[in-house]
Trainee: 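Structure below; questions to follow.
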Amino acid sequence: MAAVAKVSPGQAAGLYAAAAALRLAVFAFLPGLSDLLAARVEVSTPVTSFKRLQEGLFLYNHNVSPYDGGVYHQAPLLLPLFSLLPSFAALPLPTDLVYVVLDLLSARAIWRIADSGEAGSSALFTSPRRAKRWSGFVLAAFFLFNPFTLATCLGRSTSAFTTYAVLHAIANAVSGAPLGAMVALAFAGYLSLSPLLLLPPLVLLAYDRRRPAGPAPRSGPAFAAVCAAAVAGVLGALFLLSYLVTGSWEFLPSTYGVQLTLSDLSPNIGLWWYFFVEMFDSFRSFFLAVFWLHLSSYVAGLTLRIRRQPLVVLTLLLGIHGIFKPYPSIADTSLFLALVPLYRHVFPLMRYTFLSASVILYSAFLGPAFYYLWIYAGSGNANFFYAITLVWGLGQSLLVCDLMFAVLRDELEVERPEIVGKEIRQI
Amino acid sequence: MARLLASALQLRRNPRILKLPPYLSFLCILVGVAWLFLLPLDQYSRRTYISENALLPGQVHTYFSGSDQNVFRAYKHEVAALAGKTNAQINDGLEPLLRGFGLKTARQNFTYHAAGRAYAGENLYAILQAPRGDATEAIVLVAAWENVRRELNRNGVPLALTLLRYFKRWSLWSKDIILLLTPDSIAGPQAWVDAYHDAHDPSRVAGLPLKSGLLQGALAIDYAQEGRFESLHVVYDGVNGQLPNLDLINSVVHIAQGQMGIGVALQEMWRHSNRYGDRLRTMLRGMVRQGLGLASGPHSAFIPYHVDAVTLRPFGQGWQDEMALGRVVEGAFRSLNNLLEHLHQSFFFYLLMQRERFVSIGTYLPSAMLVAANFTIMAIALWVKSGQPGDAGDDDKAPPPPADEDPLPTVERKLFRPLAAVALIHAVSVVPLYLFNHAPESALAPLFALFALLSAASRPSSPTSSPAPPPPAPSSPSRPSSSASSSPSPSSSSAPPSPPSPPSTSPSP
């Protein structure tokens, strides 16, 4: 029985200090490692790479449109932020500090989500197993010392910003701040598009957790409309600001257009690039539509089916995004893995934990080896790496499915107590 | 179908299934090993063939003979006069010869520090610019002053010089030809290839002042023996078990064997009957060399850069002379010269068992996979077992309620400590890594013995018995009295070893 122990502020400070010290030590003493990670396809995708950000920053600081080179595909507002910092080449410490602080803030958001108890008992459903859970301290530690999170932070991938925005949105929603949640979600969507698909479950989550005395409207549709309007308004403002910063609307096709049409086919750990490398051009737009439709089709189904636990929907969707979005990286996996331990109470119902953990570990070690064989040794070809990304996707989807099964089984056992402990059978 | 699935699921609950995995995994090992021993049979291995049609090996007349033999003898005297001199003096002596051909030459200094020793020297190289090319591609001819056995390459260096002088007269080269003369067979080529690809550490290895195009292939000549030879030994192992494209080996074999009538040996199998035993021995030697991953000649440094390379080493007492080897090199260079694209058609993962017989990765990999699968099978079995109540030592939980229904109830596993222990042990492996990388050469053997004994001693034994006896002092190889349990044989874990040692032991590795 993992009882939730009280965590003293000293312990929390110790955790954050240890995580920050580890990261800063690697930045300071092993600069080669962070450069290596920044160059890895597993960490840096065309839409999150720090090297590309520096390229865009250079153009921006020299009064050239950052999108002219065709290299930079990230949100325009990152540029003024990073140009406020001292130059990375001359003094990397402030930039590193930004990434470290982002990770700590993300861990803090996870802590808030865990302490809210939303995973075990939401407004419409209370799991009988909810007593068995991990504290926010454990979850924050799990996030901060997850090797995938560490690699993302050390590789200075800008997906750290998206991760923070998504986690902050969920934390705001569970703590009864719908407006804050929507603003954070708008930021996440502004930075990397696919979090916008989280809007329906997030609205539901915020609706379920709204404070009775708060200013938000009571009725569901009105609440949803206000939330959607808030996201749209913030997004519009961000776009306008981006327009003012870059001086043209060119950033829309160069950032979101690249994600929507997959015009940059650099290899990554996702499943899209190989398909679109191999595809005849005449089928391209059709399959782009199919792939995007596939990605977005999960939203409605999951939101309706697991209506009573919107946080589960958000977690599952984040896992699905980590597999099926156009440019996934291990940052998306680390975000999903950060939320999975919230469901400690349904772990006993999961059936393939060992299998999925083994598959994820296998592919995490074999992936770089196969990439090396393909790109450097030349003795393999693209199929090697693509095969291992398929295995990687398989491992993650096993975990997603297993978690979904466990949550649904948990719900079912509340409805029908007589089946507790019995084997399911296909009829 | 649904019923089949249901009965399969029923079967899953059968407790007898759990007794199966040890046998299953043993079977996997058995089949995997047996598979390996089947490979040399005719039914499972294949004859080699040339995949890349552009190579056309053995299709050209070779003209390296006649008066070039006199040139060779002259260079041989020049080289013999330089024997025993310092690296710089040798290069001072050889460089005018190369310049005399009308070639551009350059030198490169390098110093490596490894295992407490410094490997320093100076490479000399010359570039023959292709009359028909645009300097975008090049082939390398390597002649190390000393071969891997530290013998003077007394015929190889003059032969390489003669060949280059001969190549200069031809107008048909469409790729540059680089002659690389290195003081030794490992460090020199490594420094040169690193610098050629700008992957060198500028503080230790100088950059190259003169470069050509992309390297398409390399041949090294290791001809240290005096006089005529019988057959040709083709050395192909690269560092870390990497191999050159099979097409290159096939071309050399084809030219030497088919065109020139020179026998070819592989993996130091000087006599090969092409029967099962010799094939198996060749294959196993190749596997051991790949596993050790050591450089086996000047060609080894090229392979990590995706430059296919082999070393040719004549051996035996026969009637083939230097000119025959020169014609083989000429034929191979003509083939490489034909290439339109980098060698990519043929295999990169193969096991050669005779000069014309091989197995490719698709045939031998299942054997390795089966051996590896047994770990996964046992891991899954142990995982399932660890979830069963009862036999686990620290089962402080109440028995799960629905035990009457469920033949295989599961309990929660406590994973934090095992995972932390595994992570910690893996992290501690940095220590031996650091030690082995930084220890001087003389300390490596005792250090290795020490670590072998430590890991044998710290092997988990049954919880009641004390740990194995202490390792002996690392300097003396003499075994203590209870030698049975300090040997790393895995069988002693079930049978308790010799009576627990006196309490003065208990080392804490």
Side-chain angles (χ1 to χ4, degrees), chain A residues 1-2 22 30 32 128-129 131-134 137-138 141-142 145-147 150 341 344-359 361-362 365-366 369-370 372-384 387 391 406 413 417-427, chain B residues 1-10 12-13 197 199 238 240-246 303-308 342-344 346-350 361 372 375-376 379-384 386-387 396-398 400-416 419 423:
Chain A
M1 183 66 68
L22 175 65
L30 294 172
R129 305 164 186 268
K132 187 186 282 180
R133 67 191 186 95
W134 279 325
F137 178 81
V138 173
F142 189 80
F145 293 103
N146 183 345
L150 276 172
R344 171 73 183 82
H345 57 286
V346 296
F347 276 9
L349 294 172
M350 291 171 72
R351 299 176 300 177
Y352 304 118
T353 41
F354 183 71
L355 193 64
S356 49
S358 312
V359 171
L361 278 178
Y362 270 126
F365 284 105
L366 281 179
F370 281 9
Y372 176 85
L373 280 187
W374 170 30
I375 297 292
Y376 298 102
S379 38
N381 54 24
N383 299 334
F384 277 56
V391 177
E413 287 184 359
E418 72 273 14
I419 64 155
V420 171
K422 284 192 183 146
E423 181 77 355
I424 47 152
R425 275 200 196 94
Q426 195 182 16
I427 304 171
Chain B
M1 184 63 208
R3 181 167 297 167
L4 196 69
L5 203 67
S7 60
L9 285 176
Q10 276 310 108
R12 194 181 61 170
R13 315 295 291 181
H197 296 94
N240 296 331
Q242 287 176 299
L243 300 173
N245 196 295
L246 189 55
I303 295 175
Y305 288 96
H306 200 190
V307 181
D308 303 296
H342 214 89
L343 282 177
H344 66 282
S346 194
F347 298 94
F348 283 99
F349 299 100
Y350 50 84
I361 186 165
F375 298 120
T376 308
I380 291 175
L382 288 174
W383 171 260
V384 172
S386 73
D396 57 347
K397 285 184 55 165
D404 52 338
E405 279 287 331
D406 206 348
L408 289 176
T410 52
V411 294
E412 285 283 326
R413 304 164 176 92
K414 295 194 179 56
L415 282 179
F416 181 73
L419 283 181

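Chain naming here is simple, since letters A, B, ... match the order of the sequence lines and numbering starts at 1 in each.
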Trainee: Can you find a heavy atom in the side chain of B/W383 that is under 4.5 Å from one in the side chain of A/T353?
Mentor: yes
Trainee: Please report the shortest heavy-atom distance between A/Y376 and B/H306, naming the atom on each side.
Mentor: O-CB, 4.2 Å
Trainee: Given heavy-atom pairs under 4.5 angstrom as the criterion, report whether the side chain, backbone, both or neither of B/F349 touches chain A.
Mentor: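 For B/F349, side-chain heavy atoms alone lie under 4.5 Å from chain A.
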Trainee: With a 4.5 Å cut-off on side-chain heavy atoms, are A/Y362 and B/T376 touching?
Mentor: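 When only atoms from C-beta onward are counted, A/Y362 and B/T376 do touch, with a gap below 4.5 Å.
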Trainee: Got a sec, which residues hit side chain to side chain donor-acceptor pair (under 3.5 Å) with A/N383, two or more places apart in sequence or on another chain?
Mentor: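 By the side chain to side chain donor-acceptor pair (under 3.5 Å) rule, A/N383 matches A/Y274.
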